[in-house]
Amino acid sequence: MTDSVVRPGSLPDRDRVLEIFFDCVESDVADDVVFTPIPAFYRALLDGADRVVEHTGWWRLATVERAGRTFCAVQHFEGTRIVDPVRALVTERSRVAFLGLVGAVTPAADIGGLVRITSAGRAPGVVASWEGPDVLDPDVPSVRSLTGDGLLDDPAQVHAVARRISASVVDLETYFFFKELGGLRPLQGIALGLVTDRPGSVPFWDVELDDVDLAAVGARMASTVLGHWLSAH
């Protein structure tokens with residue numbers, strides 16, 4: 001899907017990359033990694049863990065032990081900035097997940113609900129996808145996302161492109177996430193989104209979301225992903 005991706009095993013000066021990006025070393029990096037730009041979701045991944053060691057460079061990375069398994073939680077910047085943390089941490093041994101926020105562009109996605117994103121597209125119609133688990137959570141619908149350029153993209157254009165690629169939600173990261181996974185070839189990739197708004201009719205600035213709301217959703221997301229990973233072993 002993207003042969004130009006630099007694989008982690010061949011990253012030049014990998015030790016320096018890890019030090020600058022996360023202020024960590026190779027032994028701090030687990031095979032399983034959860035990425036999120038949302039602080040409340042990041043904290044939910046750490047809550048209730050048996051052991052947490054946090055590292056902070058350009059981005060935040062926590063090495064987390066829970067129920068006998070170790071994984072990393074990463075809080076990164078929004079949009080295309082997910083690319084560098086993914087390239088730095090994901091290998092062919094990895095199981096990876098992304099937890100983010102999305103807007104609904106069809107009635108099929110309800111504000112306040114969770115969706116599982118299985119493919120994502122960009123204008124004028126390029127689509128990236130990654131095969132995930134057959135069964136994750138039967139209560140979470142699977143959708144395609146349109147990955148936009150920013151929160152203030154023109155709603156009419158967003159809806160037009162979404163219809164063209166059969167997308168139900170819009171976000172800022174999942175196309176780039178799936179595109180990188182296509183080159184890095186991890187064992188598994190999962191993307192979950194919380195539907196927070198409806199561009200053109202319920203804009204994000206009219207939706208009240210506090211840290212308590214986001215923490216509760218983040219806990220459900222973490223339980224869904226980590227529960228699946230734990231049940232697979």
Side-chain angles (χ1 to χ4, degrees), residues 2 5-100 130 132-133 172-174 176-192 211 214-215 217-233:
T2 171
V5 169
V6 179
R7 295 176 181 273
S10 62
L11 274 177
D13 300 315
R14 176 170 168 76
D15 290 344
R16 287 288 291 147
V17 169
L18 293 177
E19 179 185 0
I20 293 171
F21 279 8
F22 310 108
D23 193 23
C24 73
V25 297
E26 183 71 39
S27 60
D28 297 316
V29 180
D31 287 337
D32 296 341
V33 189
V34 184
F35 297 90
T36 182
I38 311 302
F41 294 173
Y42 172 82
R43 291 193 295 270
L45 291 162
L46 277 54
D47 288 346
D50 300 319
R51 182 172 181 268
V52 174
V53 179
E54 288 197 82
H55 313 272
T56 304
W58 289 359
W59 296 283
R60 298 176 70 182
L61 179 147
T63 307
V64 184
E65 293 182 10
R66 186 193 297 266
R69 288 199 60 80
T70 301
F71 67 94
C72 284
V74 179
Q75 182 186 328
H76 53 82
F77 300 137
E78 297 176 333
T80 59
R81 298 298 299 276
I82 190 176
V83 168
D84 284 325
V86 168
R87 290 182 180 181
L89 297 172
V90 175
T91 74
E92 293 177 350
R93 302 185 307 273
S94 299
R95 293 182 300 178
V96 297
F98 171 77
L99 311 180
W130 185 255
L172 297 178
E173 292 90 11
T174 53
F176 306 109
F177 177 67
F178 287 136
K179 183 180 178 184
E180 293 307 312
L181 298 195
L184 298 166
R185 310 299 298 178
L187 293 175
Q188 191 178 101
I190 300 168
L192 296 177
D211 282 347
L214 290 174
V217 175
R220 182 184 173 191
M221 287 177 159
S223 176
T224 298
V225 171
L226 302 177
H228 174 77
W229 285 351
L230 290 170
S231 67
H233 288 267

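All residue numbers refer to positions in the sequence shown, counting from 1. Keep in mind that what you see is a predicted model, and the values were worked out from it rather than measured.
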### Task
Give a yes or no answer on whether the side chain of R66 reaches the backbone of L45 with a donor-acceptor pair at less than 3.5 Å.
yes
#### Entry: Atom of L18, atom of V25 and distance for their closest heavy-atom approach
CD1-C, 4.1 Å
Pair up each side-chain donor or acceptor in residues 54-65 with any protein partner under 3.5 Å, not counting sequence neighbours, and list the distances.
from, atom 1, to, atom 2, distance (Å)
E54, OE1, Y42, OH, 2.7
E54, OE1, R60, NH2, 3.0
R60, NH1, Q75, OE1, 3.4
T63, OG1, D28, O, 2.7

### Message
On a heavy-atom basis, which atom in F41 and which in L214 lie closest, and how many Å separate them?
### Response
CE2-O, 3.3 Å
### Message
Nearest 0.5 angstrom please: I82 CD1 to F177 CZ, how far?
### Response
6.0 Å
### Message
Tell me whether R87 contacts the main-chain N or O of L184 through its side chain, where contact means a donor paired with an acceptor under 3.5 Å.
### Response
no
### Task
Drop me the distance from I190's CD1 to F98's CZ, to the nearest 0.5 angstrom.
13.5 Å
### Task
State whether the side chain of S94 and the backbone N or O of D31 hold a donor-acceptor pair below 3.5 Å, judged by distance alone.
yes
### Query
Please walk me through it: do L99 and I38 pass side chain to side chain contact (heavy atoms under 4.5 Å, CB included)?
CA-CA 8 Å; L99 311 180; I38 311 302; over 6 Å; no
### Query
What is the distance from atom CZ of R81 to atom NE2 of H76, rounded to the nearest 0.5 Å?
11.0 Å
### Query
Are the side chain of D32 and the backbone N or O of T70 linked by a donor-acceptor pair below 3.5 Å?
no
#### Entry: Distance, nearest 0.5 Å, that separates OG1 of T80 from CD of E173
9.0 Å
### Query
Which atoms form the tightest heavy-atom contact between G218 and A44, and what is the distance?
C-CB, 3.4 Å
### Message
Is it the case that the side chain of S223 and the backbone of A219 share a donor-acceptor pair, with hydrogens and angles ignored and the cut-off at 3.5 Å?
### Response
no
### Query
Between the main-chain N or O of A30 and the side-chain N or O of R93, is there a donor-acceptor pair closer than 3.5 Å?
no
### Message
If you apply the rule side chain to side chain contact (heavy atoms under 4.5 Å, CB included), what do you find for V96 with V86, and how did you get there?
### Response
CA-CA 9 Å; V96 297; V86 168; over 6 Å; no
### Query
Which value, rounded to the nearest 0.5 Å, describes the distance between I20 atom CD1 and D13 atom CG?
9.0 Å
### Task
Show your reasoning for whether side chain to side chain contact (heavy atoms under 4.5 Å, CB included) applies to F21 and L89.
CA-CA 10 Å; F21 279 8; L89 297 172; over 6 Å; no
#### Entry: Close side-chain approach of V74 and F22, heavy atoms under 4.5 Å
yes
### Query
Rounded to the nearest 0.5 Å, what separation is found between the CZ atom of R95 and the CG atom of L226?
9.5 Å
